[in-house]
Engineer: 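Sharing a structure with you now.
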Protein chains: 2
Amino acid sequence: MEKIIITGAGLAGSLLAIMMAKRGFEVAVYERRPDMRKVDISAGRSINLALSDRGIAALQKVGLDEVILSKAIPMFGRLIHPISGELDLQPYSGRSNDYINSISRGELNKILLNAAESYPNLQLRFNVRCEGMDLETGTVRFVDELTHQHFSETADVTLAADGANSAIRNEMYHHAPKLRFTFSQNYLKHGYKELYIPPNKNGGFRMDQNALHIWPRKSYMLIALPNTDGSFTATLFMAFDGEDSFEKLDNPEAITSFFEKEFPDVIPHIPDLVENFQNHPASALATIKCYPWQVNGKALLIGDAAHAVVPFYGQGMNCAFEDCLILDKLIEELGPDWNLVLNTYQMMRKADTDAIGELAEENYYEMRDHVANPVYQKKKDLDLILEQNFENFDSKYSMVTFREDLPYSVAMRKGRAQDKLLTEICQQVNNIHSLDLHAVLEQVIQLHLKG
Amino acid sequence: MEKIIITGAGLAGSLLAIMMAKRGFEVAVYERRPDMRKVDISAGRSINLALSDRGIAALQKVGLDEVILSKAIPMFGRLIHPISGELDLQPYSGRSNDYINSISRGELNKILLNAAESYPNLQLRFNVRCEGMDLETGTVRFVDELTHQHFSETADVTLAADGANSAIRNEMYHHAPKLRFTFSQNYLKHGYKELYIPPNKNGGFRMDQNALHIWPRKSYMLIALPNTDGSFTATLFMAFDGEDSFEKLDNPEAITSFFEKEFPDVIPHIPDLVENFQNHPASALATIKCYPWQVNGKALLIGDAAHAVVPFYGQGMNCAFEDCLILDKLIEELGPDWNLVLNTYQMMRKADTDAIGELAEENYYEMRDHVANPVYQKKKDLDLILEQNFENFDSKYSMVTFREDLPYSVAMRKGRAQDKLLTEICQQVNNIHSLDLHAVLEQVIQLHLKG
Ligand SMILES: Cc1cc2nc3c(=O)[nH]c(=O)nc-3n(C[C@H](O)[C@H](O)[C@H](O)COP(=O)(O)OP(=O)(O)OC[C@H]3O[C@@H](n4cnc5c(N)ncnc54)[C@H](O)[C@@H]3O)c2cc1C
Ligand SMILES: Cc1cc2nc3c(=O)[nH]c(=O)nc-3n(C[C@H](O)[C@H](O)[C@H](O)COP(=O)(O)OP(=O)(O)OC[C@H]3O[C@@H](n4cnc5c(N)ncnc54)[C@H](O)[C@@H]3O)c2cc1C
């Protein structure tokens with residue numbers, strides 16, 4: 001039987017482990033951290049995540065979509081909090097069955113680990129860190145984080161799901177000239193800090209729980225996603241240094257007066273704001289791209305290990321899950337001829353992960369800035385009306401988020417062209433309700449037929 | 001006295017060492033390889049290089065321009081070798097005092113090392129490899145390649161001139177999230193292989209020695225630069241795999257018939273073609289970009305360590321030398337306040353090295369392809385005529401190569417706008433000699449005034 005090593009039992013690693021075990025392979029999974037089902041670990045990554053159709057499709061493949069969605073909170077739109085004035089709900093779609101789902105990262109990962117563990121042909125080992133591998137022979141080097149013992153394992157193929165700082169990717173990086181390993185990591189000037197909004201005294205939600213809350217403030221923004229226990233996890237995105245930066249918010253007065261001025265309606269919801277702010281780190285955000293992802297049919301980078309994206313499209317995990325689904329389908333079609341499978345996979349998939357990387361960087365500007373811009377608003381409203389009226393119309397956001405049948409690169413290309421057209425149309429009219437919607441749809445269809 | 005460590009005694013390292021020693025700093029230079037003045041080392045990098053005005057300006061600062069130019073061979077233009085038909089000389093400039101210089105990498109490096117060694121406040125150590133450093137304390141880790149002993153050294157500042165695989169850059173890379181170290185390495189599909197064209201039996205040159213020879217063949221190209229001993233070093237640039245690739249040229253018949261078909265006039269000049277071809281490696285080519293270059297006023301990346309470029313504009317070394325000149329000037333102006341100096345340096349310089357990186361990638365297509373294109377030809381001719389007639393006109397190539405007073409980014413911006421305008425003008429006329437040159441110049445001047 002073919003033997004597969006998986007490095008990392010995070011989101012992609014644990015889902016992939018299930019898929020590979022289902023195919024009958026002998027699977028060995030090595031995870032650097034302790035077993036999160038036994039030890040409470042705060043991952044230092046986002047506490048909750050938006051799960052949407054691409055991710056759900058992959059979970060469905062292993063029959064876990066329903067149980068996972070039962071733990072999630074639907075979010076139907078963005079609820080915009082201006083500095084003063086009324087809240088503004090911007091639905092994600094004109095169709096009520098298209099929404100995204102707030103899910104706890106830990107809970108999701110635990111469900112996947114439990115499912116993985118039920119396969120006798122699958123071994124999970126925690127507290128074992130991958131240190132690299134021999135890309136010719138396929139021998140992977142590990143260290144046990146508790147005993148500090150080094151050991152190695154050889155498999156037919158190693159699937160590296162060890163996240164944005166992948167040890168296997170580093171191995172490829174160190175052989176860059178030979179592999180012609182093209183690589184980029186682009187850090188944003190902005191980082192993020194998580195803040196905790198507790199449930200109210202009755203254990204209920206302090207704000208609407210069926211929305212993703214956004215406080216867009218141009219050069220920075222706050223967002224909040226609901227947790228099932230009535231709390232929210234808020235995240236402040238902001239520059240590390242310069243004007244309006246984390247660096248400037250280095251004392252209680254600065255923090256308090258910043259929130260009072262910029263996010264007045266949040267103040268009552270975060271009782272211990274200053275402590276909360278000072279105890280949570282500000283973390284960096286980067287887009288990582290590289291190629292090739294596979295070497296000699298022996299190793300493949302997958303998920304964040306291959307392509308970390310900034311979190312502004314809520315797609316990192318969804319994309320990583322889609323990676324697993326596509327790889328699994330290729331194994332089904334091509335059999336375990338690893339060189340063929342891995343090569344086909346990387347050639348098929350690269351343009352799509354590049355696309356979501358780009359879209360995610362772009363969306364930051366949209367979220368923190370454009371959401372407050374009037375033409376952008378009109379265009380968004382037109383998107384909604386078109387979606388409400390026509391089954392066969394999807395906004396760019398919907399194509400990326402709800403159309404798991406469209407590759408990201410196609411969603412990007414079509415979505416951009418369509419946004420350009422609709423923005424032009426909106427600039428020409430005062431009131432979009434005066435538009436002949438059928439004529440607009442016709443223009444959109446013509447546009448897509450051309451390109 | 002301030003102490004400076006320099007890692008790497010290649011082209012940038014040895015020039016920088018002289019500049020720093022001249023300022024009276026205590027300078028310690030560590031070079032991984034043996035002393036090339038005592039041991040014959042083939043660097044595995046190009047044997048000869050085109051030295052031009054930016055590099056010369058930096059050498060002038062330390063009074064070494066004349067002695068070095070006396071060892072160089074002027075190249076006045078590109079001499080194009082079509083598959084059949086006449087050779088075509090394309091001058092680099094319409095002005096006869098603008099030319100580039102073919103110089104031996106080894107000879108140039110030795111002159112710099114000898115000059116460096118004359119300073120009592122400068123220490124050169126060979127066979128010592130830098131392994132990394134503590135970016136907080138400034139302590140640099142080394143290993144002696146002969147005794148395998150590890151040791152460390154601390155200085156006020158470390159200038160990392162350790163080339164495209166810089167150990168100090170790797171140190172920054174490993175602290176990427178904290179430094180928000182943005183990094184990219186982009187490998188070309190094409191690599192290069194050097195071939196040796198010996199002198200003729202009288203010790204003379206087999207081809208015109210005052211030109212850079214090019215055999216442009218669209219998907220690959222051969223070039224040759226003269227050496228003072230009558231030989232040429234030829235370099236074949238070609239894809240590693242696929243159609244028309246190094247991979248395909250894996251046997252004597254394939255090599256011979258490829259050269260017979262594509263470079264028939266070269267065959268008689270390379271007596272041992274097959275051996276020559278098979279004994280020289282095909283090496284990879286990459287553009288490397290990163291930022292920041294400096295950390296805590298303790299370490300600075302300079303030269304290829306900070307920004308390796310592909311060799312198609314003949315500017316890598318020239319740019320590295322210009323780096324040294326700019327840094328030296330900033331120390332003169334700002335004094336050794338390292339944090340200030342290094343920060344100012346990186347902010348001033350980044351856009352320029354990005355620009356030459358882009359221009360160099362672009363120029364590959366120009367060299368191997370466009371040089372044979374008729375509109376491009378017309379535009380080039382117009383460039384020449386304008387340069388011949390007007391002191392204040394410079395082609396893009398001239399701005400990059402001969403105008404050391406223009407930063408690369410300015411040369412790129414102006415040069416691109418000007419190329420666009422002149423190409424449009426050329427498309428509209430059959431014969432450029434029918435153009436009113438003063439009117440064309442006026443348009444160019446207006447263009448530059450606007451932007
Ligand atoms: C602030 C923030 C918000 C986000 N929000 C969303 C969202 O709303 N929706 C969404 O879809 N995505 C979101 N993402 C992205 C998402 O978190 C990632 O894309 C996803 O976690 C990728 O899964 P992965 O399995 O590839 O990597 P990870 O989940 O990072 O898992 C990697 C695993 O490998 C282990 N590991 C690491 N190194 C080693 C080693 N050397 N040896 C062994 N094991 C190792 C790690 O401990 C970890 O368990 C967000 C990310 C951030 C930072
Ligand atoms: C095929 C080719 C053709 C080229 N042609 C041209 C041209 O015509 N004109 C031009 O201007 N440029 C050209 N270049 C570019 C030019 O070679 C480089 O830009 C230039 O060498 C950069 O100088 P440097 O000192 O930064 O790096 P290098 O010259 O590479 O020097 C780095 C030095 O550091 C040493 N070193 C490396 N690692 C360590 C370590 N860990 N510890 C201690 N020492 C270390 C190395 O041994 C070396 O001596 C060409 C490059 C190539 C590949």
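Chain letters run A, B, ... following the sequence lines, proteins first, then strands; residues in each count from 1.
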Engineer: Which atoms form the tightest heavy-atom contact between B:Ser184 and A:Ser184, and what is the distance?
Structural biologist: CB-CB, 3.5 Å
Engineer: For a quick test of reading the model, state the closest non-hydrogen atom pair linking B:His174 to A:Asn170 and the distance between them.
Structural biologist: CE1-OD1, 4.3 Å
Engineer: More than 12 heavy atoms of other residues, nucleotides or ligands under 6.0 Å from NZ of A:Lys350: is that the case?
Structural biologist: yes
Engineer: Give, as side chain, backbone, both or neither, the part of A:Leu179 having an atom under 4.5 angstrom from any heavy atom of chain B.
Structural biologist: neither
Engineer: Chain A heavy atoms under 4.5 Å from B:Phe181: which part of the residue, side chain, backbone, both or neither?
Structural biologist: both
Engineer: NZ/A:Lys289 to CG/B:Asn186 distance, rounded to the nearest 0.5 angstrom?
Structural biologist: 11.5 Å
Engineer: What part of B:Leu285 lies closer than 4.5 angstrom to a heavy atom of chain A: side chain, backbone, both or neither?
Structural biologist: neither
Engineer: Looking only at heavy atoms, which two atoms of B:Asp241 and A:Arg180 are closest? And how far apart?
Structural biologist: OD2-NH2, 3.4 Å
Engineer: Should the ring pair A:Tyr173 and B:Phe183 be called parallel, tilted or perpendicular, given that the plane angle runs from 0 to 90° and is split at 30 and 60?
Structural biologist: perpendicular
